[in-house]
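Because only heavy atoms are used, hydrogens play no part in the values below, and waters and symmetry mates are left out as well, while side chains stay in. Here the structure is a predicted model, which is why all the values come from computation and not from measurement. Chain A is the first sequence line, chain B the second, and so forth, proteins listed ahead of strands; every chain is numbered from 1.
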There are 2 protein chains.
Amino acid sequence: MIADVRGASVEETRSRILAATREIYALRGSRGTTTREVAARAHVNEATLFRHFGTKGHLLAAMLDHYNDTSSLNEVLDGLTGHATLEEQLRVLGIAAIESMRRKEDLIKIAMAEEIADPHAQVCVWRAPTAAKESLVKYFGQKIEARELRGDSAWLARIFMSLFFSYVMARRLWSGIDAPQDEAVEMMVNMFLDGARAN
Amino acid sequence: MIADVRGASVEETRSRILAATREIYALRGSRGTTTREVAARAHVNEATLFRHFGTKGHLLAAMLDHYNDTSSLNEVLDGLTGHATLEEQLRVLGIAAIESMRRKEDLIKIAMAEEIADPHAQVCVWRAPTAAKESLVKYFGQKIEARELRGDSAWLARIFMSLFFSYVMARRLWSGIDAPQDEAVEMMVNMFLDGARAN
DNA sequence: ACTTGATGCAAGTGACTACTTGCACACGCT
DNA sequence: AGCGTGTGCAAGTAGTCACTTGCATCAAGT
């Protein structure tokens, strides 16, 4: 029996359920995910799912918590001192932002769509971006103090992240131009630094 | 009887149903929307709803089609010659973009979430932005020819719209900074034109 | 006056959903 | 060896959902 996973550790079962939850949730949205389908995909009995998480709501919350990695950007920021120029640092940041968003694209989209329907999901999904935001604001603050950038650090961070947020979330709209990612990042960073005005 | 609207024209009934559909979809998401609730909000019998649209899926498609206004941006672009400076033109464009996106924020979110589930919804909702995109690319092309801007017109358009797309769609993330909209637009336009680099 | 068609209303159908229950099995720990 | 616990399995419950049906009513067109 493939489905019989007795003997697997409790944590393994749990994380298999959470992974399945994420997949189904991304496919069908919060209302569309059924505990049956999640259980099936996790190769777990539906009853086991409920024994672990009690209700579907708790399951979703647990999943969103579980896939809420807040760490990544800070590591990137720490490793940034190795890069000489400001351009280079921003490119690294941009690529990190794109990759992080892409990894959670599914969750972000669903969470945005269900903004009103499920406020708790909101909190969970936006927690990581919020932490990232704060680190970024601090980073830009330092760059302003060092007279490498000008303006308001919060707005710089907001605008900087806008570029990559849209790059990931609305790339469907721009299917005409599909430059390789590195090139795109370079273009966006250049725009961010120097603008588009001629001369 | 409030609910008895016999005598209203067929089109009126139809558009009342579509309006209700939009409201409920925005509130509950695609799976959370029930035909019962839509019918109730439209002050229409559920059977009438099905007599008009056949299935829930057709109803959604009809709603997305119905609220797909492609016109607005071109009018704005036409009225742009009255504004003297490039900055001013871009600000007007930015405000128009924000308002247009805000008006359809709910639809955009639905479409994004539905990306996988229902490809038809995609086509409907992205039709207007795609048209807008093309006009904008042309506009930026002219500005480049006139040596007011530099770069690739498609990318300029993409980056320019990124700013406002994120401004609307991710404003939840930036609840800390809530400058008045005009100020925000000014800031974004300035960034777009001159970048953030010091000196 | 008669027909036509859009609608209301009430009831219903079958499918699906979240969640439960009772029991058997199979591991790991002592 | 024995016990606890995590799991499978099958059946079930009460509710909800999309969608249908049959019939009565009302308004407009001819």
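Classified by interplanar angle (parallel below 30°, tilted 30° to 60°, perpendicular above 60°), the ring pair A:Y167/B:W155 is parallel.
Residue A:T13 has a polar side-chain atom (N or O) positioned under 4.0 Å from OP1 or OP2 of D:dT7. In this model, the phosphate group of C:dT7 is not approached by any side-chain N or O of B:H43 to a distance below 4.0 Å at OP1 or OP2.
Across the protein-nucleic acid pair, A:R16 atom CZ and D:dG6 atom P stand 15 Å apart, rounded to whole Å. One atom, CG of B:L49, and another, P of D:dA18, lie 10 Å apart when rounded to the nearest Å. Taking atom CD of residue A:E11 and atom C1' of nucleotide D:dT7, one finds them 15 Å apart after rounding to whole Å. The separation between B:L59 atom CG and D:dA18 atom P is 10 Å, rounded to whole Å. Counting to the nearest Å, the C1' atom of C:dC16 and the CZ atom of A:R28 are 14 Å from each other. Here the P atom of nucleotide D:dG6 and the CZ atom of A:F53 are 13 Å apart, to the nearest Å. Distance A:R14 CZ to D:dT7 C1': 16 Å, rounded to the nearest Å.
Scored by the side-chain contact (heavy atoms from CB on, under 4.5 Å) test, A:K56 finds A:T33, A:T35 as partners (sequence neighbours excluded). A:A40 meets the side-chain contact (heavy atoms from CB on, under 4.5 Å) test with no other residue; sequence neighbours excluded.
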Determine all donor-acceptor pairs shorter than 3.5 Å in which one atom belongs to a side chain in residues 95-102 of chain B; sequence neighbours excluded.
{"unit_1": "B:R102", "atom_1": "NH2", "unit_2": "B:Q181", "atom_2": "OE1", "d": "2.8"}

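A side-chain contact (heavy atoms from CB on, under 4.5 Å) with A:E23 is found for one member of A:R28, A:R41, A:E37 and no other, namely A:R41.
Electrostatic pairing of B:D178 and B:R171 does not count as a salt bridge here, judged by no charged N lying under 4.0 Å from a carboxylate O.
Counting heavy atoms from C-beta on, the side chains of A:E88 and A:T85 come closer than 4.5 Å.
Each salt bridge (charged side-chain N to carboxylate O under 4.0 Å, His left out) pair with one or both residues in residues 190-199 of chain A, not counting sequence neighbours, appears once here: A:D194-B:R197, A:R197-B:E87, A:R197-B:D194.
Side-chain contact, A:S162 with B:S162: no donor N or O sits under 3.5 Å from an acceptor N or O.
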Identify each atom pair where a protein N or O and an N or O of nucleotides 17-19 of chain C are less than 3.5 Å apart, giving names and distance.
{"unit_1": "C:dA18", "atom_1": "OP1", "unit_2": "A:T33", "atom_2": "O", "d": "3.1"}
{"unit_1": "C:dA18", "atom_1": "OP1", "unit_2": "A:K56", "atom_2": "NZ", "d": "3.2"}
{"unit_1": "C:dA18", "atom_1": "OP2", "unit_2": "A:T35", "atom_2": "N", "d": "3.1"}
{"unit_1": "C:dA18", "atom_1": "OP2", "unit_2": "A:T35", "atom_2": "OG1", "d": "3.0"}
{"unit_1": "C:dC19", "atom_1": "OP2", "unit_2": "A:K56", "atom_2": "N", "d": "2.6"}

Please produce a list of atom pairs where a protein N or O lies less than 3.5 Å from an N or O of nucleotides 21-23 of chain C.
{"unit_1": "C:dG22", "atom_1": "O6", "unit_2": "A:R51", "atom_2": "NH2", "d": "3.0"}

